[in-house]
Amino acid sequence: MNAPLQPTRHAPIDTLDRQIIQATQAGLPLTPRPYHQLAAHLGLEPEEVMRRLQRMQQRGIIRRIGAVPNHYALGYRGNGMSVWDVPDERIAQLGRRIGELDFVSHCYQRPRHLPDWPYNLFAMVHGHDRDEVRDKVSIIAGLLGADNRGHQILFSTRILKKSGLRLPT
Amino acid sequence: MRQPIESTTLTPLQRSLLNDYQQGLPLSATPFADMAEQLGVSEQQVCDTLAQLQQQGAISRVGPVFRTHSIGASTLAAMAVEPAQLEAVAAIVSGFDEVNHNYEREHALNLWFVATAPDAQHLARTLRQIEQRSGHEVIALPMLEDYHIDLGFELQWT
């Protein structure tokens, strides 16, 4: 464990925001007035709940609000974590390019762990099977060209635990 | 392992709810009625269809998707575990409440997990505890920069 943990990014959320996050992370009730139901549960005004959700969305704490597909159940059974060694001075430009590809669900810069782990760019690639994932990874390799100094695909063989975001209290 | 849900078994309304409403659920008093109006169906149909999709596992939920690292401290972490010990070590890792994802992957680094805590100190303590209890090194690979523009995921029906 030698990589320094990043200091927490400033989280402009207060107790009420936190309560709303906790109450919605398992999903909204599928009833005609879900935010009203949520508000009643939390003892808040519905307008307050909607206003706070909107504010969290504007601040990027909420990425989006909608149906969250279960890729695996829908047949996307190839799940490949592609990892790339690219020049640090070019990573911002390259990362943005890879991050906008529609088959990439996550694209992050992470620290290297030398000498064993030279990879600094991670892109999660989804496909129906491993061959489709490999094809998509080839597309990324083509885009990176000479900036790709090495890459691997790590396929997952088993999901050992997967739970929604939980906020330890 | 459950069979994948075949796209041919989905109705046009199911597909539309799956593909077009991964973002932009209205923040209004009656979001499902708003969607129903856009889709030309009833509010009841929208609620029922979303409930069905959730029940059959096609969607895990309808609601906000949070950016984990803007709420607390989190990191991806990897361990290299001998195959004979993998089950035991994986159970130790999964046993921590701070661990929300844990995958086996094909690599010398074969155990990959995500840990989330209220703050960086708590997170560092959790990783140390995992190292102590498992007897294996934990390599922390925290996100430094996020390059992904999350507009949901285009489901391709074949």
Side-chain angles (χ1 to χ4, degrees), chain A residues 1 3 5-9 11 13 21 24-28 30-34 36 46 50 53-54 60-70 73-75 77 81 95-96 98-100 102 104-111 113 154-163 165-168, chain B residues 4-5 17-18 21-25 27 29-30 32 43 47 50-51 57-71 73 75 90 94 97-107 117-120 123-124 127 138-150 153-155:
Chain A
M1 199 189 100
L5 293 175
Q6 284 296 102
T8 310
R9 289 188 173 190
I13 56 168
I21 292 170
T24 56
Q25 63 197 5
L28 293 168
L30 299 173
T31 51
R33 291 151 79 87
H36 283 63
M50 287 187 262
L53 284 169
Q54 190 170 29
I61 295 161
I62 292 175
R63 289 176 182 271
R64 55 194 163 89
I65 305 178
V68 182
N70 178 348
L74 289 163
R77 306 226 149 164
M81 184 173 75
R96 279 195 294 272
I98 306 308
E100 67 187 21
D102 63 4
V104 170
S105 68
H106 300 75
C107 186
Y108 297 144
Q109 180 186 6
R110 298 187 185 279
H113 185 78
L154 279 71
F155 286 107
S156 64
T157 39
R158 260 194 305 171
I159 301 172
L160 301 161
K161 181 174 185 180
K162 187 169 188 194
S163 55
L165 164 65
R166 279 186 296 174
L167 294 173
Chain B
I5 294 160
L17 289 173
L18 262 172
Y21 290 92
Q22 289 176 36
Q23 55 171 327
L25 187 85
L27 270 169
T30 54
F32 303 121
E43 180 186 49
C47 290
L50 286 172
I59 57 177
S60 53
R61 63 185 189 278
V62 177
V65 176
F66 296 98
R67 200 179 286 270
T68 319
H69 36 265
S70 67
I71 299 167
T75 190
S94 295
D97 281 346
E98 289 86 350
V99 172
N100 40 10
H101 287 196
N102 189 14
Y103 287 84
E104 182 188 356
R105 293 189 181 277
E106 285 176 0
H107 193 271
D119 56 57
L123 181 60
L127 298 183
V138 170
I139 298 172
L141 299 169
M143 187 208 75
L144 302 178
E145 207 61 60
D146 183 354
Y147 299 118
H148 183 240
I149 321 280
D150 192 357
F153 186 76
E154 177 85 21
L155 294 166

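Throughout, protein chains are lettered first and strands after them, A, B, ... in sequence-line order, and every chain is numbered starting at 1. Side chains included, hydrogens not; waters and symmetry mates left out as well; all remaining heavy atoms used.
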side-chain contact (heavy atoms from CB on, under 4.5 Å) filter on B/Ser60, not counting sequence neighbours, yields A/Val68
Just wondering, do A/Leu154 and B/Tyr103 contact through their side chains at under 4.5 Å, heavy atoms?
no
For the interface with chain B, which of A/Leu28, A/Leu30, A/Thr24, A/Thr31 has the highest count of heavy-atom pairs at distances below 4.5 Å?
A/Leu30
Test item: B/Arg67 side-chain N/O and A/Gly60 main-chain N/O as donor-acceptor pair under 3.5 Å:
yes
Looking at B/Asn102, B/Thr30, B/Ile59, B/Leu25, which one has more heavy-atom pairs under 4.5 Å with chain A than the rest?
B/Asn102
Portion of B/Leu17 that has a non-hydrogen atom of chain A nearer than 4.5 angstrom:
backbone
Chain A contacts, top residue of B/Ala29, B/Ala51, B/Ala90 (heavy-atom pairs, under 4.5 Å)
B/Ala29
Is the positively charged end of A/Arg110 above the ring of A/Tyr108, judged by distance under 6.0 angstrom from the centroid and angle within 45° of the axis?
no
Looking at A/Ile65, A/Thr157, A/Asn70, A/Ile62, which one has more heavy-atom pairs under 4.5 Å with chain B than the rest?
A/Ile65
Suppose we screen for side-chain hydrogen bond (donor to acceptor under 3.5 Å, both in side chains). Which residues come up paired with A/Arg33, at least two apart in sequence or across chains?
A/His36
Residue among A/Ala26, A/Cys107, A/Gly27 with most heavy-atom pairs under 4.5 Å to chain B
A/Cys107
Contacting moiety of B/Glu43, where chain A heavy atoms sit under 4.5 Å:
side chain
Do you know the tightest heavy-atom contact between B/Ala73 and B/Ala120?
CB-N, 3.6 Å
With a 4.5 angstrom heavy-atom cut-off, could you sort out which part of A/Pro32 is near chain B: side chain, backbone, both or neither?
both
